[in-house]
Amino acid sequence: MSDLLDLAIVIPTFNEKGNVPVLIARLDQALAGVNWEAIFVDDDSPDGTADAARDIARLDRRVRVIQRIGRRGLATACIEGMCATAAPLVAVIDGDLQHDETVLPAMLAALKDDPALDIAVGSRFVAGGGTGEWDRDRVAKSAFATRLSQRVLDVGLSDPMSGFFMVRTAVLREMAPRLAGIGFKILLDIMASAGRPLRFVELPYVFRTRSAGESKLDHVVAMEYLIALYDRRFGRVIPVRFAMFSAIGVIGVGIHMGVLTALYVVLGASFLLGQIVATAAAMTFNFFLNNALTYRDRRLRGWRQMLDGWVSFCVVCSVGAVANVGVAAFLYDFRYGAWAISALAGVLVGAVWNYALSSRFTWGRY
Ligand SMILES: Nc1nc2c(ncn2[C@@H]2O[C@H](COP(=O)(O)OP(=O)(O)O)[C@@H](O)[C@H]2O)c(=O)[nH]1
Ligand SMILES: [Mg+2]
């Protein structure tokens, strides 16, 4: 056996302390005869996963640890790990023992035997693969996400949501600047960012049940996944943030009409009072929703930031409303009678104004 490094195994971890020694022992067994290194990419897990990995790394030089501080994200963890090796091939495997490490030698052999192949992908949905002991709910959600991704970005994989694969590092490094890295399933990201169809082979594996620790897949991850799919498909036409901002704006109009109806029609308040309260309610609602969703990465926190943000958002939106009415009135005079087009143009100008300025002044300062 030569001394040249053949293969890196990247293991993203968050609170997987108990699984670390077991995984290393299993890799050691599965990869006998291969020159490999393991790179744990840990997001500063509170349970001390990074320390557990370092304890092993002191004894076993094949093991390395990247500990990221103040960062979270499975996709970026995988990317950084993959860029941190000198090996020509790199695999990504979950740190919770759910992926079958005994498939790694077959992936390695496939890539070594066929230089034209870019990537070997573990699949739960080819003959011999399986999802193990998943409950019906998880099977249904996974099937939905798989079908959706196949529709939106047809990369031809049977299991595009798989997080278990081996790729040539040169191919990965070439595309690295284009990877989205947002909570997106990293494999899909790789397949979609290559700039050409990657040549792949699929190898079956059975997804194992988690024995220690718990899954980090939650609603936030699911939402980020949907956002990332949108971004890949339509992001260049309408940026995802603007789309979210506008969708929330539409809900705001609903709130406005609801409050106005309640005050003016039901309670008999004056139209002006109804309009003022409805506008304030809609702007406040939009502010909080945009803060939680559209700008969740720059979210304002604490009462001081929130108050500043809310005031600047209201100011921006008030000017936006004036611009909206002004543009609509101008177009209406200019092309007499084209009221619907004039109104829509006003709404569009108002929306772009609100978006551009609030992104700068409300969510751009901290
Ligand atoms: N570095 C890092 N690893 C993560 C993060 N979220 C999940 N992981 C790891 O990614 C792997 C798969 O996550 P898991 O929650 O088991 O997903 P599931 O198997 O789809 O339920 C595990 O090794 C996790 O510890 C994260 O934010 N950062
Ligand atoms: Mg898991």
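Note that ligands are numbered from 1 as they come in the structure, with each ligand's atoms numbered from 1 the same way.
- With a 6.0 Å cutoff to the six-membered ring centre and a 45° limit on the axis angle, Arg72 counts as a cation-pi contact of Phe14.
- Ligand 1 has no N or O atom lying under 3.5 Å from any N or O atom of Asp42, backbone or side chain.
- Near Gly73, with a cut-off below 4.0 Å to any heavy atom, the atoms of ligand 1 are 26 (C), 27 (O), 28 (N).
- Atoms of ligand 1 found under 4.0 Å from any heavy atom of Ala77 (numbered from 1 in listed order, with element): 1 (N).
- Of the heavy atoms in Gln98, only side-chain atoms (C-beta onward) come closer than 4.0 Å to ligand 1.
- Heavy-atom contacts of Gly95 reach the following atoms of ligand 1: 22 (C), 23 (O) (cutoff under 4.0 Å).
- Using a 4.0 angstrom heavy-atom cutoff, Arg71 does not count as in contact with ligand 1.
- Between Thr13 and ligand 1, at least one pair of N/O atoms sits closer than 3.5 Å.
- For Asp96, the N, O or S atom closest to the Mg ion (ligand 2) goes by the atom name OD2.
- When heavy-atom distances to ligand 1 are checked against a 4.0 Å cut-off, Asn15 has no atom that comes that close, whether in backbone or side chain.
- When only interatomic distances are considered, the shortest N/O to N/O separation between Arg210 and ligand 1 falls below 3.5 Å.
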Go through the steps to decide whether Phe313 and Trp363 satisfy the test ring pair (Phe, Tyr, Trp, His ring centres under 6.0 Å), and finish with yes or no. CA-CA 9 Å; Phe313 186 74; Trp363 284 284; 5.7 Å; yes
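- For Phe207, every heavy-atom contact with ligand 1 shorter than 4.0 Å involves the side chain, none the backbone.
- In terms of protein heavy atoms, atom 15 (O) of ligand 1 is closest to Lys216 N, 2.5 Å.
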